[in-house]
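Structure first, commentary second.
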Amino acid sequence: PLQQPMSTPVRLLILNGEYTLARDQLLTPVNDNAYDYFRAALKLDPNNQRAKGGLQGIVMRYVDLARQAAARGNYSTATQMLN
């Protein structure tokens, strides 16, 4: 099936989400982080696959950060990243 084109507000939210994800602004700063942008996009377009993928990207980044911390022996930081 053909996908409907994204509205401009959804597209801008996703672009901001992708930008902040790339900068590791995963949950902070408040109102300028990947999580907030992707969630806002999903409120406007609940089935948007790019927004859902962005949220998955945040999870994967935290898993990666936890692995890096554990490899350095910093288990408390690793646990914090997974929480």
Side-chain angles (χ1 to χ4, degrees):
L2 293 175
Q3 290 184 347
Q4 298 266 343
M6 274 187 269
S7 69
T8 299
V10 172
R11 186 172 42 253
L12 290 175
L13 288 166
I14 290 172
L15 289 173
N16 281 322
E18 291 170 347
Y19 176 76
T20 52
L21 176 60
R23 296 188 57 177
D24 276 343
Q25 292 173 231
L26 307 176
L27 296 174
T28 58
V30 175
N31 298 322
D32 187 24
N33 62 72
Y35 179 80
D36 288 344
Y37 287 121
F38 292 130
R39 291 292 296 158
L42 284 172
K43 284 183 181 179
L44 296 175
D45 182 1
N47 295 314
N48 189 288
Q49 294 303 307
R50 276 180 69 185
K52 288 179 182 181
L55 291 176
Q56 184 65 29
I58 294 169
V59 172
M60 297 309 296
R61 182 63 181 134
Y62 273 116
V63 169
D64 185 48
L65 291 169
R67 285 185 183 145
Q68 290 175 25
R72 291 189 307 270
N74 194 341
Y75 300 110
S76 63
T77 299
T79 301
Q80 181 183 2
M81 292 294 145
L82 293 175
N83 287 332

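With sequence neighbours excluded, the residues satisfying side-chain contact (heavy atoms from CB on, under 4.5 Å) with L12 are T8. Under the side-chain contact (heavy atoms from CB on, under 4.5 Å) criterion, P46 pairs with no residue at all, not counting sequence neighbours. Here N16 pairs with nothing under the side chain to side chain donor-acceptor pair (under 3.5 Å) rule; sequence neighbours left out. The side chain to side chain donor-acceptor pair (under 3.5 Å) check on Y19 picks up R23, with sequence neighbours excluded. Listed by chain and number, the residues in a side-chain contact (heavy atoms from CB on, under 4.5 Å) with T28 amount to none (sequence neighbours excluded). Take A70 and apply the side-chain contact (heavy atoms from CB on, under 4.5 Å) test, not counting sequence neighbours, and it matches Y75, A78. When the side chain to side chain donor-acceptor pair (under 3.5 Å) test is applied to D64, the partners found at least two apart in sequence or on another chain are R61, Q68. Among residues two or more places apart in sequence or in another chain, the side chain to side chain donor-acceptor pair (under 3.5 Å) test is passed with T77 by N74.
Pairs engaging residues 43-55 under the salt bridge (Lys or Arg N to Asp or Glu O under 4.0 Å) rule: E18-R50 [sequence neighbours left out].
Residue L13 is tested with D36, L42, L44, N48 for a side chain to side chain contact (heavy atoms under 4.5 Å, CB included); the sole match is L44.
The OG1 atom of T79 sits 10.5 Å away from the CE atom of M81 when rounded to the nearest 0.5 Å.
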**Request:** Decide yes or no on side chain to side chain contact (heavy atoms under 4.5 Å, CB included) for Y37 and T20, but give the supporting numbers first.
**Result:** CA-CA 9 Å; Y37 287 121; T20 52; 3.8 Å; yes
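Both L27 and L55 belong to a common hydrophobic cluster when Ile, Leu, Val, Met, Phe, Trp and Tyr are linked at side-chain heavy-atom distances under 4.5 angstrom.
At least one side-chain heavy atom of F38 sits under 4.5 Å from a side-chain heavy atom of I58. The shortest side-chain heavy-atom distance between L82 and Y62 does not fall under the 4.5 Å cut-off. Annotation: side chain of Y35 is not in contact with side chain of L21 (no heavy-atom distance under 4.5 Å).
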